[in-house]
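Worksheet: one structure, shown below.
All residue numbers refer to positions in the sequence shown, counting from 1. Remember, it's 1-based here, ligands and their atoms both numbered in the order they're listed.
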Amino acid sequence: MRTQVGIVGAGPAGLLLSHLLHLHGISSVVLEAHTRDYVEHRVRAGVLEQGTVNILREAGLGARLDAEGMRHEGIELRFDGEGHRVPMAELTGRAITVYGQQEVVKDLVARRLADGADIRFEVSNVRLDGLTGDEPTIRFHHDGKEQELICDVIAGCDGFHGISRPTVPAGELTVYEREYPFAWLGILAEARPAVDELIYCLHHNGFALYSMRSEHVSRLYLQVPTDEDIGDWPDDRIWEELATRFRLTGSDWRPTEGPIFDKGVTPMRSFVTEPMQYGRLLLAGDAVHIVPPTGAKGLNLAVNDVWIMSRALDAWFNGRDDGPLRSYTRDALQRVWRAQHFSWWMTSMLHRFGDDPYQHRLQIAQLRNVVDSPAYATALSENYVG
Ligand code: APR
Ligand code: PHB
């Protein structure tokens, strides 16, 4: 088998890349370890920057997004029992759209299959060879037999636990990383959101986030210790703790409760490897960088990477210009590091770090600055909307 671009991973990065390449007349094959059902139902974040929405729309993927996505023009920061709205659209002229990542994935899979794409689900034992030559090759197991895919370029879009990044010889990549001493417990509930916009909340007990998926589904998170056993969090305890953290002084306001149908713990990590390419292997999305979810940047960064990569591959295959391909790492990393900083900053400002009362006071001072100073609020908004 031969293709121009062999893509490992059918997450948002791999699927969108395959679609953008198709629009440029470049062939690809996508290899995915899991089933279609699994990738379409994996619950992840749900905030799309304006730039991400624009890219999806321009690529012809805007129909359901425009019908079902919820445009939000602000967020609330809640601390010391008070809520403060940050009017992002007023400050920046841009907004975000709340639309689940798995909905983006469903739209991409449907569109790619309608366009006749070659997506192989449930492949195993994927190995990359010949990355420094002209014919990099992917070997894998599928349909009960060993297969070989000869490519011009391989795109490693296989997430943090994929095989692409570890295939690069030790010493070629530099790793930058930070782990945080906490995780998020996330739930999806059949409950009409009690708010119109997201709430990022700092409480003595820790961080809480109020988000949503639709008019009928709420998405909520609580900061918990990293080794937290989800069995220790029956539904009643989750709702009580959410009510405690979101409490407003002098008010009996609390989140709307409803049946919880999904519950999970997400670790928090910051991670970048450089460069984002090695020979004929190009890396994108979670395969090369991870951000803690507090800035809602993970999906947006993946989209930005593959958008830059698709243009570089267009220049190379169709324009015989290898300049953009050579500068892929440099071009993508600007956004990557800006989002790393923003995600680290939001995380540091909004989580409880141990029992240090001085740290808590500093966090409140920082939050006060953001809500009282239009300059700070604008800086936060510019980064948040992208
Ligand atoms: N072979 C084939 N596929 C693999 C392999 C492998 N060895 N290892 C992993 N995969 C697949 C995974 O099953 C997954 O479907 O690669 C895909 C990677 O998808 P994501 O983890 O969603 O990563 P990415 O497409 O970069 O999207 C980044 O995901 O984690 C969120 O916050 C993050 O929103 C961001 C987005
Ligand atoms: C979500 O809706 O899942 C979500 C929203 C904002 C974040 C993270 C996750 O910062």
Tell me which protein heavy atom sits closest to [atom], plus the residue, atom name and distance to 0.1 Å.
atom: atom 32 (O) of ligand 1; value: Gly298 CA, 3.7 Å
atom: atom 28 (C) of ligand 1; value: Asp286 OD1, 3.4 Å
atom: atom 3 (N) of ligand 1; value: Ala33 N, 3.1 Å
atom: atom 25 (O) of ligand 1; value: Ala13 N, 2.9 Å
atom: atom 34 (O) of ligand 1; value: Gln101 OE1, 2.4 Å
atom: atom 1 (N) of ligand 1; value: Val126 CG2, 3.6 Å
atom: atom 7 (N) of ligand 1; value: Ile163 CG1, 3.5 Å
atom: atom 19 (O) of ligand 1; value: Gly11 CA, 3.4 Å

Does [X] reach the side chain of [Y], with side-chain heavy atoms less than 4.5 Å apart?
X: Val336; Y: Val288; value: no
X: Trp233; Y: Glu228; value: yes
X: Leu17; Y: Val30; value: no

Could you tell me if any non-hydrogen atom of Lys297 lies under 4.0 Å from any atom of ligand 1?
no
Is ligand 1 less than 4.0 angstrom away from at least one heavy atom of Cys157? yes
* How about Phe353 and Tyr180: are their ring centres within less than 6.0 Å of each other? -> no
(message) Is the distance from the ring center of Tyr328 to that of Trp316 below 6.0 Å?
(response) no
Could you list each N/O atom of ligand 2 together with any protein N/O atom closer than 3.5 Å, one pair per line with the distance?
residue	atom	partner	partner atom	Å
ligand 2	2 (O)	Ser211	OG	2.6
ligand 2	2 (O)	Arg213	NH1	2.8
ligand 2	2 (O)	Arg213	NH2	3.4
ligand 2	3 (O)	Arg213	NH2	2.8
ligand 2	3 (O)	Tyr221	OH	2.6
ligand 2	10 (O)	Tyr200	OH	2.7
ligand 2	10 (O)	Pro293	O	2.8

Subject >> No-hydrogen, no-angle side-chain donor-acceptor test under 3.5 Å, Trp307 and Glu58 >> reply: no
dist Leu198:CG -> Leu209:CG (nearest 0.5 Å) comes out at 5.5 Å
OG1 (Thr97) and CG (Leu56) are apart, to the nearest 0.5 Å, by 9.5 Å
Checking heavy-atom distances from atom 17 (C) of ligand 1 to each of Arg44, Glu32, Glu122, His34, the winner is Glu32
Requested in this report: Go through the steps to decide whether His41 and Asp37 satisfy the test side chain to side chain contact (heavy atoms under 4.5 Å, CB included), and finish with yes or no.
Outcome: CA-CA 6 Å; His41 292 95; Asp37 189 62; 3.2 Å; yes
The answer for which part of Asp158 has a heavy atom under 4.0 Å from ligand 1 is both
Under 4.0 Å between heavy atoms, the region of Leu301 that gets near ligand 1 turns out to be neither
Decide, yes or no, whether a salt bridge links [X] with [Y] under the criterion of side-chain N to carboxylate O below 4.0 Å.
X: Asp235; Y: Lys263; value: yes
X: Asp252; Y: Arg254; value: no
X: Arg280; Y: Glu135; value: no
X: Arg237; Y: Glu241; value: no
X: Glu177; Y: Arg269; value: yes

Show which atoms of ligand 1 fall inside a sub-4.0 Å distance from at least one heavy-atom site of [X].
X: Val39; value: 15 (O)
X: Leu31; value: 2 (C), 3 (N)
X: Gly285; value: 26 (O)
X: Gly159; value: 18 (C), 21 (O), 23 (O)
X: Val8; value: 1 (N), 2 (C)
X: Gly162; value: 8 (N)

Based purely on interatomic distance, does [X] place a nitrogen or oxygen under 3.5 Å from a nitrogen or oxygen of ligand 1?
X: His161; result: no
X: Pro12; result: yes
X: Ala302; result: no
X: Leu299; result: yes

(message) When you measure from the centre of the six-membered ring of Phe140, is the NZ or CZ of Lys145 closer than 6.0 Å and no more than 45° off the axis?
(response) no
Legend entry - Within 45° cone of Tyr210 ring axis and under 6.0 Å: Arg245 NZ or CZ: no
task = Measure up the Phe182 and His351 rings against each other and bin them: parallel (under 30°), tilted (30 to 60°), perpendicular (over 60°).
result = parallel
